[in-house]
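Report on the following structure.
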Amino acid sequence: MSYTEKLYNLVQNKFKRIPLANVQTFGCVQNENDSEKIRGVLAQSGYEISDNFEDSDIVIFNTCAIRENAELKIFGNIGKLKALKADKPDMIVAVCGCMVMQPHIVAKIKKSYPFVDIVFGVNSIEELPYIVYNWYIDNKRAVSDPVVKTDIVEDIPVYRQSKSKATISIMYGCDNFCSYCIVPYVRGRERSREPENILKEFKQLVADGYKDITLLGQNVDSYGKNLSPQIDFADLLSMLCKVEGDYVLHFMSSHPKDITRKVIDTIRDNPKISRQIHLPVQSGSNRILKLMNRRYTVEQYKDIISYAKQQIPDVGFSSDIIVGFPGETYDEYLETENLVKELNFTQLFTFIYSKRNGTKAAEMEDYVPHSEKAERLNRLIKIQQDIFFKYLESFNGKTVCALVEEEKTGGYTARMANTLVVHFKTDKTSLMDSFVNLKITGKKGTVLTAELLNK
Ligand code: 5AD
Ligand code: SF4
C-alpha cells in the first residue's frame, strides 16, 4: 500500500469527517506551482483544500528566501499560529520551501517556534504523505535540515484553483550563481524535464480548457542543456505551439545572457506565444553587472531588445532591478535610471539589495546607507510609474483581446496577454474564463477600462 493510501485511511478513521488542509504560499510563481502540487498530494491523501487556516487540520507554509523581508514576513505569519496550535494540538503546522533549505533558519524554527511540527524541503513534495503519516503515528517533531534533492519526479498530482490559468515547470534549479542570489543554493543544480513529459502536461491543460499557460524555470533560455537528443528552449516553444487550441503561451524567466535570436524568431513566427517578455536586467552599470556575475553587458542587453523590437513590433519587455548592490555608486545608480528611462519597460519589479548569507555578494563591502538605497528605489518607482501611465494611455481607442478572470457587479475584470488588467461592464453572464474582444475607453488608476465588442 502506498503512503498516500495509508494516510488516506488513517485520516478517515481519525477524523470521522473530511479533514481540511490550508497551504499558504510566499514568493514567486515557482512556489505557487509547488503549492498546487502540495495541495494535489494532500487532496489525493483525503484532505479537502481550504482557504481558511483556523479551521484546518494541517497548515503548510511554502516559503521564500529571496530577500530578508520575505523571511521576516513569513516568520510573522508562522508566529500567528502559536495560540491556535495551543488550542488545537492535533493541528499539524508544517514549513517547507526555499527558506527552510538554510540551516540557520531550521535552527531558528527548532529553537523559537516549538509549535512547528514538520519541516520539509523543496523537491520533497511527493514524500509528504509519508512524512504526515509518520507524524500521526509517532507524534514526533520532524524538524531537521532538508537535503537539496535534484531528481525530477513526474506525475505529482496538481490541484489547480483556476480554470483558465496554469503554470508548467519545464526545469528546476539554477546554475548561474548571480552573486546576490540564494536560489542556486536552495533549489540546487539546473535540470530540465523531458520534452515529452512537458508536452503531455501541456496537451492535457489545453484539452481541459486552460487558456493562459506559463512555462516556468529560473532561466528558461538554458532549457535542455542536459537532455539528449538535443533540444533548446526555442525548439520546445515550437513543439508546444503545434498543439491546436485557444490559448496564450507565456514563459518566465529569461536570462539576457542566454536568450537567443532563435527564441525571438520563434515568438515572431508563433502568434500563440505572448508578446510580453520578462527579461531581468538588474542594473544599468557594467561594473555592477560584472560584480553581480550576470555575464552580459548593458550593450548586449540593449542589442537583444532592439532585435526583438525590430522582429516583433508589438513586443513588450518587463524587468527586475536591484538597487544598492554592495558598492553601487550614485553614478552607477544613475546609469540604471537612464536605462529605465530609455527602454520603456512595460512593468518593472524593483528591489533593494538584500544580503543573503552564503552568497558571494554577502562578502562584499556594502557601505551605501539603507536610507540612500531607499531613496534610489523610490526614484526608480516614480520614473517607472510615469512610463507605465503613458503605456496605459497608448491603448486608448485600441481593440484588444483579454481573458476574463473575475466577475464584478455589472461587469468583469479581464487580463490581456501583456498582463494589463481591464474592467468592462456588461449584462452578459457566463463570460468567466473566456477570451473577449474589448475596445479600450480609458483608465482608472492602474487599470484600463473598456467596452465589450461582439465576438
Ligand atoms: N536582494 C534583492 N533582490 C534580489 N533578487 C534576487 N536576489 C535578491 C537579493 N539578494 C531579485 C532579482 C531577481 C528577482 C526574482 O529578485 O531582481 O530577478
Ligand atoms: Fe538567482 Fe541569477 Fe538564478 Fe535568477 S538566474 S535564480 S537571479 S542565480
Side-chain angles (χ1 to χ4, degrees), residues 25-34 63-73 97-99 101-102 105 122-123 148 150 167 169-192 214 216-223 225 233 251-259 277-285 288-296 301 317-328 333 336 339-340 345 347-364 366 368 370 373-374 376-377 380-381 384:
T25 315
F26 299 85
C28 63
V29 236
Q30 180 59 59
N31 263 18
E32 203 42 81
N33 180 279
D34 287 345
T63 64
C64 171
I66 201 108
R67 282 170 290 273
E68 192 187 6
N69 52 10
E71 293 184 342
L72 295 175
K73 184 174 156 199
C98 296
M99 191 175 89
M101 302 309 289
Q102 307 168 94
I105 295 283
V122 170
N123 301 328
V148 181
T150 53
T167 55
S169 291
I170 61 165
M171 58 207 296
Y172 302 97
C174 183
D175 279 353
N176 289 313
F177 290 95
C178 299
S179 63
Y180 50 81
C181 187
I182 195 77
V183 169
Y185 303 91
V186 297
R187 285 200 175 263
R189 296 291 59 73
E190 179 184 292
R191 59 260 180 223
S192 298
T214 304
L216 293 182
Q218 301 299 337
N219 178 5
V220 289
D221 302 297
S222 72
Y223 172 79
K225 273 197 182 146
F233 182 55
F251 54 85
M252 73 182 301
S253 287
S254 272
H255 195 304
K257 80 176 164 60
D258 292 315
I259 189 168
I277 304 174
H278 186 60
L279 195 63
V281 64
Q282 313 296 1
S283 169
S285 149
I288 295 294
L289 285 176
K290 197 149 196 240
L291 286 174
M292 287 178 162
N293 191 30
R294 292 290 288 175
R295 286 173 279 169
Y296 55 82
Y301 185 85
F317 282 90
S318 56
S319 202
D320 293 345
I321 287 199
I322 298 176
V323 296
F325 185 81
E328 182 192 66
Y333 159 74
T336 301
L339 188 74
V340 168
F345 294 114
Q347 223 182 342
L348 194 62
F349 301 90
T350 39
F351 311 102
I352 293 183
Y353 166 75
S354 170
K355 181 177 171 179
R356 305 284 66 208
N357 284 336
T359 62
K360 279 262 151 42
E363 294 156 22
M364 298 177 192
D366 186 5
V368 184
H370 190 268
K373 294 182 181 188
R376 292 177 192 180
L377 181 82
L380 264 191
I381 290 174
Q384 183 59 27

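Note that ligands are numbered from 1 as they come in the structure, with each ligand's atoms numbered from 1 the same way. Computed from a predicted model, the values in this text were never measured in an experiment.
By the criterion of a heavy-atom distance under 4.0 Å, neither the backbone nor the side chain of N219 is placed next to ligand 2.
Heavy atoms of I352 come nearer than 4.0 angstrom to ligand 1 in at least one pair. Heavy atoms of R294 approach ligand 2 to within less than 4.0 angstrom.
Residue R67 has at least one heavy-atom neighbour below 4.0 Å for each of these atoms of ligand 1: 1 (N), 2 (C), 3 (N), 4 (C), 5 (N), 11 (C), 16 (O). Near R356, the atoms of ligand 1 lying under 4.0 angstrom from a non-hydrogen atom of the residue are 10 (N). Every atom of ligand 1 is numbered from 1 in the order shown, and the set under 4.0 Å from a heavy atom of I322 is 3 (N), 4 (C), 5 (N), 12 (C), 17 (O). The distance from ligand 1 to the heavy atoms of Q282 drops below 4.0 Å at these ligand atoms: 12 (C), 13 (C), 17 (O), 18 (O). For ligand 2 and V183, the ligand atoms under 4.0 Å from any heavy atom of the residue are 6 (S). Residue-ligand proximity, H255 to ligand 2, at heavy-atom distances under 4.0 Å covers atoms 5 (S).
Looking only at atom types and distance, the side chain of N33 has a donor-acceptor partner in the side chain of S169 under 3.5 Å away.
A side chain to side chain contact (heavy atoms under 4.5 Å, CB included) with Q282 is found for one member of D320, I288, I321 and no other, namely D320.
The distance criterion of under 3.5 Å between nitrogen or oxygen atoms is not met by Y353 with respect to ligand 1. The shortest N or O to N or O distance between Y180 and ligand 1 is below 3.5 Å.
Among protein heavy atoms, the minimum distance from atom 4 (Fe) of ligand 2 is reached at Q218 O, 4.3 Å. The protein non-hydrogen atom at the shortest distance from atom 6 (C) of ligand 1 is I66 CG1, 3.4 Å. Atom 1 (N) of ligand 1 has S354 N, 2.9 Å as its closest protein atom, hydrogens excluded (heavy atom only). Ranking the protein heavy atoms by distance from atom 1 (Fe) of ligand 2 puts C181 SG, 2.2 Å first. Nearest protein heavy-atom neighbour of atom 5 (S) of ligand 2: N176 ND2, 3.3 Å. Nearest protein heavy-atom neighbour of atom 7 (S) of ligand 2: Y180 OH, 3.4 Å. Protein heavy atom closest to atom 3 (Fe) of ligand 2, with residue, atom name and distance, is C174 SG, 2.2 Å.
Taking the six-membered ring wherever Trp is involved, the centroid distance between the rings of H278 and F317 does not fall below 6.0 Å.
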Is there a side chain to side chain contact (heavy atoms under 4.5 Å, CB included) between M171 and K225 once you walk through the steps?
CA-CA 10 Å; M171 58 207 296; K225 273 197 182 146; over 6 Å; no
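With I182, D320, T350, T359 as candidates, the residue nearest to atom 18 (O) of ligand 1 on a non-hydrogen basis is D320.
Between the side chain of D258 and the backbone N or O of D221, no donor-acceptor pair lies under 3.5 Å.
Remark: R187 is not positioned above the aromatic ring of Y172, lacking an NZ or CZ atom under 6.0 angstrom from the ring centre and at most 45 degrees off the axis.
Under 2.8 Å from atom 3 (Fe) of ligand 2 lies no N/O/S atom of C178, from backbone or side chain alike.
Note on K373 versus E328: no salt bridge recorded, every NZ/NE/NH1/NH2 to OD/OE distance being 4.0 Å or above.
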